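Have a look at the structure below, then the notes.
All chains are named by letter (A, B, ...) in the order of the sequence lines, taking the proteins before the strands, and each is independently numbered beginning at 1. What you are looking at is a predicted structure, and each value in this text was computed from that prediction instead of being measured.
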There are 2 protein chains.
Amino acid sequence: MTKNFNFIDKLRKAGLRPTKQRVKICEILFNREKTFHFTINDLAKKISEELNEKISLATVYNTVHAFEKKGYLKEIAINGDKSYFDTNITAHHHFYDEDTHELIDCDQNDIDSINIKNNITGKKINSVEILIKVASDNQNQN
Amino acid sequence: MTKNFNFIDKLRKAGLRPTKQRVKICEILFNREKTFHFTINDLAKKISEELNEKISLATVYNTVHAFEKKGYLKEIAINGDKSYFDTNITAHHHFYDEDTHELIDCDQNDIDSINIKNNITGKKINSVEILIKVASDNQNQN
DNA sequence: CAATAGTTTAGAATAATTATAATATATAGT
DNA sequence: ACTATATATTATAATTATTCTAAACTATTG
């Protein structure tokens, strides 16, 4: 469990107190190879599966939002009904599988650089996110 | 009111019964020059402002979703908390003003063509949406 | 180890959306 | 035009997602 020291450190550096709950959530979110796309609900479910303890939903919300504010998580643009978060905070894009409602990372290198010729005057561009919606080829979507 | 005939026709062609409520909603949505970005709530508010009648919220939901299914409206990808719809159903992209929470159309011509080199196997691309988040230049967002 | 500032928690409150079931309306067939 | 039937609308209830609240708890500082 040497990794938990990293999480405690990580939280401290962001000015967040390393509470038990936050460290646990860190373990679930950041102890993994590939990036993790999730809704608050997904995460809450994972917590009760992988941990034996239960963390209050309100705390999950608070923690995720705290992590997002500190840049440890990124909120992803998807059609409005749910809020998705992403542990991959580098600039990248997404495929959204409309059949399975799954989100898949799309490497920035898989898309030729995007050149925006016209910006809103007086504003600066904070981010450019591409969402590529895909679906099974032989399936008719009505 | 010659325009209402168009709406009745439009609804009929989509197999939707031209009810009073649907025609009214058509008037509000499609009797305008520039595209209209809205949440269900925005639309409901507009209805009670511009019309003297009141249409049940459930009907507004049903109608908007029926229109979306028929391709008269497009749902737009934004960070999860709200569902936005767009009367502009042509391929185009959006600026999202994080200061004002306003959505502005971005013409496809203002962005150099996007070339996606790697698709998910067995899937076909249904749409490619770009969201450009902007904010005031001299304002610090924490 | 005590004080305090920040955190967690259960549950209430709010907001967004969908379901329900009764009533009303549009359409097709006469 | 009239009636039967299918579909739509409505108010309200139910559901789901999210935020707020106030009390109990915990990490940090001195």
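- In this model, the phosphate group of D:dT18 is approached by a side-chain N or O of A:Y61 to a distance below 4.0 Å at OP1 or OP2.
- For the 3.5 Å distance criterion, the side chains of B:T39 and B:D42 qualify, holding a donor opposite an acceptor.
- For the residue pair A:N88/A:D86, the side-chain donor-acceptor check at 3.5 Å is not satisfied.
- Straight-line distance from the CG atom of A:N41 to the P atom of D:dT18: 8 Å, rounded to whole Å.
- For the pair A:R12 and D:dT28, the criterion of a side-chain N or O lying under 4.0 Å from OP1 or OP2 is met.
- Ranking D:dT9, D:dA17, D:dC20 by closeness to the B:Q21 side chain, first place goes to D:dT9.
- A:T39 comes within contact range of no nucleotide atom at all, as no heavy-atom separation falls under 4.0 Å.
- Which of D:dT9, D:dT7, D:dT18 sits closest to the side chain of B:R17 comes down to D:dT7.
- Taking side-chain N and O atoms only, A:R22 has a distance below 4.0 Å to OP1 or OP2 of C:dT8.
- The B:P18 side chain lies nearest to C:dA26 when the options are C:dT8, D:dT10, C:dA26.
- If you take NZ of B:K13 and P of C:dT27, they are 15 Å apart, rounded to a whole angstrom.
- A:L57 has its CG atom 14 Å from the C1' atom of D:dC20, to the nearest Å.
- Spacing between atom CD1 of A:I55 and atom C1' of C:dT7 amounts to 12 Å, rounded to whole angstrom units.
- Between D:dA8 and B:T59, no contact under 4.0 Å exists linking OP1 or OP2 to a side-chain N or O.
- Distance, B:N62 CG to C:dA19 P: 10 Å, rounded to whole Å.
- Separating the CG atom in B:L51 from the CD atom in B:Q21 is a distance of 10.5 Å, to the nearest 0.5 Å.
- With rounding to whole Å, B:K69 atom NZ is found 12 Å from C:dT18 atom P.
- Residue-to-nucleotide proximity on DNA chain C shows that, of B:S83 and B:K20, the 5′-proximal contact is made by B:S83.
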Step-by-step salt bridge (Lys or Arg N to Asp or Glu O under 4.0 Å) determination, B:K34 to B:D105: CA-CA 10 Å; B:K34 57 199 182 73; B:D105 271 6; over 6 Å; no
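- Phosphate contact (OP1/OP2 of C:dG6, side-chain N/O of A:T19, threshold under 4.0 Å): absent.
- A tilted orientation is assigned to the rings of B:H65 and B:Y61, their planes being inclined by 30° to 60°.
- Rounded to whole Å, the distance from CD on A:E75 to C1' on D:dA17 is 13 Å.
- Atom NE2 in B:H65 sits roughly 17 Å away from atom C1' in D:dT9 (whole-Å rounding).
- Contact check, B:K54 against D:dA11: a side-chain N or O comes under 4.0 Å of OP1 or OP2.
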